[in-house]
Structure formats: structure tokens, C-alpha cells
Amino acid sequence: MTDKKELGFATKTIHVGQEPDPSTGAVTVPIFATSTYVQEEIGKHKGYEYARVSNPTRTRLERNLAALEGGRSSHVFASGMAAINAMCTMLKAGDHLICSHNVYGGVPRLFNQILAHYGLEFSYVDTSNVGAVERAIKRNTKIAYVETPTNPLMSVSDIAAIARVCHRRGVELAVDNTFMSPYFQQPIALGADMVLHSTTKFLNGHSDGLGGVVVVTKPEHAEKLAFIQKSAGAILSPFECWLVLRGVKTLAVRMEQHDHNGRTVAAYLNQHKRVESVYYPGLAAHPQHELAKRQMSGFGAMITFETGSQKNANKMLRKLRVCSLGESLGGVETLISHPATMTHAALGEKGRKSIGITDGMVRISVGIENVEDIVQDLEQGLAAI
């Protein structure tokens, strides 16, 4: 086959790491449901010794995701949070990490309530302001962790500009690319050193499996993360790897439909009299709209909008029939959530207020259903306010 660097994105999703099984010709990657591997003699095996260390299904997925992000290698874990934790495990006591200030609520929970007890230091800044990132860098800063667009306020950070600042100061840049997927945003091409995803979301795309990945550009990171997988064991199971391999084959076509539907729903919400404001990078009024156009090849499916109060949000959410109220995002179905009581409840009222998350905000992950049905469902839900 043509070298993977020359392949188009959709072709990579289907063929890199997804080659037919050499032993049978099976077109789909097999699920190697084994805990161990028979060795021919002492010290002689076929590349696999124990499933915590490596598994052929996992190897295939890691090759695929590294190719999609343009990285040296990728390393999959049991959840997106396990992937973030693994990244932080490469640090040592006394090291400092800068984090976007309005990320998914589970991230500061991990940082502040668990990892801080092991001597790691964390600062939270508005990473849409490159100057704020530079001012936050200290002598012991090792990583800047940027979520863009952010969850749920959809703030966009300039990856290339932050990468230049970080590298000038000897800091590595890690970007959470979950919301955009590698189809719409390529952080490594913009200068990032690491890219993270919750594979649970758009990469899998079918709301039927948990997972996370760290894609890296440096051999020392690849070595460290492989050792962490072996030592800590929070690896992705062969079946979950297979689910992502299956899901990623349709990533390109799904993201196109997510983007089409997302733009349509955002435009509809933006003109609705019961919606006070809409947070979506594809709208001209978004403060980083021009940056989003330069940095991303699409605007995606994630939208947050303001209903005015938790009471209003609940009135609307109770009426929905096509949109499913629940945590998570990135599935083929439209998922809708209430950040204040769901994804960002752990921040507390004061913490949410400090970054601009209100009780009336609703976040929607627009699915790939007929967009007319999504709009009609939102219309009858908003009519209840």
C-alpha cells in the first residue's frame, strides 16, 4: 500500500493499523482475547508476552491513532481520565503544570484532589489569552495542558502561538483534541508535543465503550508511556480497542455530518427568542471565530447555550424526545447535558461562577440524525420555557 503519509485522512482511518489479518485474511482486526502468549523457548516469543504489556488488537489501534494525529506513537488507556493521569505520571514531585481554566470538570478534580497530594503544582489560566499562558510559566513548569475548544464554554486557544511560547521557555504543550477529533484539528501540525483524547467520544462515535489515548511526538515520551502502561496497568481492553477501530473507520463521514448538523442547530439557537446566548466557534459573533477558521477545518457538533436559569433548563430538558439527556458526547445520537449538575458539578457553585458557567447553561452534542428532527425537538423543548 502507498506510504501512510501519502494517504488521505479517510483512507488512513480504514487502512492504517486495520490491514487484513495475515493468518486468515479477515478484513476486520481480530479481538485477541488472551491474557498471555505461549513462548517457543526461554526468551523466544512472537513479540507478545503478557496482555497488560501489549496486545495485537491494541497495537493495531495505537498505530491507527498515531497516524491520524501525525504522531510518533500513541498509547491507549482505560478512559480519557486515565490517559490524562498517565501524562501527569511522567512528571515528578515539584513539577508545575498549566491548565486551561474552563476544562472538563473531572480534570481539576484529578489535579487538585488527587495529584496535588503527590507534590505536583497546578495553575489555571485563560489559555485563549496567549499572554496569560506565558505569564503563568515558572522555572518548574513542565507542561501546558490546553483544551480547545473548551468544555463547555467553547473557548478557542491559539495552539501554534502557545506552542511557540512554551517551546521558547522549555515547556511542552499537550492539547486535548476530543471535541474536534483529528479530522477537524491537527494540534501536532500546529506545534503540540502531545495530543489527548477521550476515545469514548467522537473517535469511537457510538457511545458503547470507554477509552483514552495520548499521542506523542518524542521517543522519550513513547518509552515512558509504554512503561506506565506496563507498570500501572490502566490499559484499554482488546474489545474496547476493537470498538474504537470499528468506530474510527467512519470518523470522516460522521464528522462531516456532525459539522453540518452542528452549524444548522447553532444558527437555529442563535435566533431563538428563548435562548439568551450561544457558544459555538462557527458563529461570527464568537470571540475566536477567525482563529477557529484558521486553526480548524470545521466547527463540529459541540454547542452550549443559555436558557436563563436551572428552572428553565429543566423545563426544556424534560420535554425532549430525540435529544437524549445524559453525560458524555460525540455519539451518533444527539446528547444533551446540564454542566452545572453533571459534567462540572465537582467544581462547586463558586468554581463554576469564576469561569462563567451558569445554572441555565445547556450543552448539546449534535448527533447525525436528520437535522430537521433535532431542531423540531429543541423547538418543542424551548417552547416549555
Side-chain angles (χ1 to χ4, degrees), residues 16-17 52-55 57-92 95 97-100 103-104 106-107 110-111 114-115 120 122 142-148 151 159 162-163 166 171-183 185-204 209-237 240-241 243-245 247-248 251 330:
V16 177
R52 173 165 37 80
V53 180
S54 57
N55 176 280
T57 313
R58 195 173 101 203
T59 299
R60 297 288 204 99
L61 176 61
E62 290 179 334
R63 282 184 55 212
N64 180 274
L65 298 182
L68 296 186
E69 283 288 4
R72 169 182 286 270
S73 65
S74 80
H75 307 266
V76 292
F77 296 88
S79 68
M81 292 308 305
I84 296 170
N85 186 70
M87 176 193 72
C88 293
T89 305
M90 294 193 292
L91 302 174
K92 64 182 185 301
D95 286 344
L97 181 148
I98 297 167
C99 181
S100 299
V103 294
Y104 164 59
V107 174
L110 171 68
F111 290 174
I114 297 177
L115 297 182
L120 297 183
F122 302 95
K142 303 299 181 184
I143 294 175
Y145 174 80
V146 174
E147 190 178 273
T148 182
N151 180 4
I159 296 171
I162 294 173
C166 287
V171 175
E172 294 177 329
L173 174 61
V175 175
D176 186 323
N177 200 26
T178 299
F179 272 21
M180 285 294 104
S181 89
Y183 185 70
Q185 185 167 262
Q186 293 273 307
I188 288 173
L190 294 169
D193 300 288
M194 291 177 276
V195 176
L196 295 91
H197 288 266
S198 168
T199 63
T200 310
K201 314 304 194 295
F202 290 105
L203 291 176
N204 176 290
L210 290 176
V213 65
V214 186
V215 183
V216 299
T217 59
K218 298 179 180 180
E220 58 267 32
H221 290 162
E223 184 178 346
K224 286 180 180 179
L225 286 169
F227 184 75
I228 290 166
Q229 286 178 312
K230 174 182 178 178
S231 302
I235 44 85
L236 197 60
S237 75
E240 302 278 6
C241 289
L243 287 173
V244 183
L245 281 165
V248 83
L251 181 63

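Owing to the predicted nature of the structure, the values given are computational and were not obtained by experimental measurement.
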> Would Thr217 and Val195 satisfy side chain to side chain contact (heavy atoms under 4.5 Å, CB included), going step by step from the backbone distance to the final call?
Replying inline: CA-CA 9 Å; Thr217 59; Val195 176; over 6 Å; no

>> If the test is side-chain contact (heavy atoms from CB on, under 4.5 Å), which one of Val215, Val216, Thr89, Val76 qualifies with Leu225?
In response: Val216

> Hey, what do you get for CZ (Phe77) to OG (Ser198), rounding to the nearest 0.5 Å?
Replying inline: 13.5 Å

> How about Lys230: does its NZ atom have over 12 heavy atoms from other parts shown lying under 6.0 Å from it?
Replying inline: no

> Can you check whether Val146 reaches Ile159 side chain to side chain, under 4.5 Å on heavy atoms?
Replying inline: no

> Shortest non-hydrogen contact from Ile235 to Arg52?
Replying inline: CG2-O, 3.8 Å

>> How long is the straight-line distance from NZ of Lys224 back to CG of Leu91, given to the nearest 0.5 Å?
In response: 8.0 Å

> Do the non-hydrogen side-chain atoms of Met90 and Met194 ever get within less than 4.5 Å of each other?
Replying inline: yes

> In Å and rounded to the nearest 0.5 Å, what is the CD1 to OG distance from Ile162 to Ser100?
Replying inline: 7.0 Å

> Is there a side chain to side chain contact (heavy atoms under 4.5 Å, CB included) between Tyr104 and Asp176 once you walk through the steps?
Replying inline: CA-CA 10 Å; Tyr104 164 59; Asp176 186 323; over 6 Å; no

>> To check you understand the geometry: which heavy-atom pair defines the closest contact between Leu245 and Leu61, and what is its length?
In response: CD2-CA, 3.7 Å

>> Quick check on salt bridge (charged side-chain N to carboxylate O under 4.0 Å, His left out): which of Lys218, Lys142, Arg72 does Asp193 satisfy it with?
In response: Lys218

> What's the shortest heavy-atom distance between Leu173 and Ala144, and which atoms?
Replying inline: CD1-O, 3.4 Å

> In Å, rounded to the nearest 0.5 Å, how long is the span from CD of Gln229 to CZ of Arg58?
Replying inline: 4.5 Å

> Which heavy atom in Val103 sits nearest to a heavy atom in Glu147, and how many Å separate them?
Replying inline: CA-OE2, 3.2 Å

>> Quick check: closest heavy atoms across Pro182 and Leu203, and the distance to 0.1 Å?
In response: CD-CD2, 3.8 Å

> Between Gln185 (side chain) and Thr148 (backbone), is there a donor-acceptor pair under 3.5 Å?
Replying inline: yes

>> Cys241 vs Asn55, test: side chain to side chain contact (heavy atoms under 4.5 Å, CB included). Steps then yes/no.
In response: CA-CA 10 Å; Cys241 289; Asn55 176 280; over 6 Å; no

>> Could you measure the distance from the NE2 atom of His75 to the CG atom of Leu196? Nearest 0.5 Å is fine.
In response: 11.0 Å

>> What's the separation between atom CZ in Arg60 and atom CG in Leu65, rounded to the nearest 0.5 Å?
In response: 13.5 Å

>> Parallel, tilted or perpendicular, judged at 30° and 60°: which one describes the rings of Tyr145 and Phe111?
In response: perpendicular

>> Can you confirm whether Met87 sits close enough to Leu97 that some side-chain heavy atom of one is under 4.5 Å from a side-chain heavy atom of the other?
In response: yes

>> Using a 3.5 Å distance criterion without hydrogens, assess whether the side chain of Asn204 forms a donor-acceptor pair with backbone atoms of Thr199.
In response: no

>> How close do Glu69 and Pro187 get, counting heavy atoms only, and between which atoms?
In response: OE1-CD, 3.6 Å

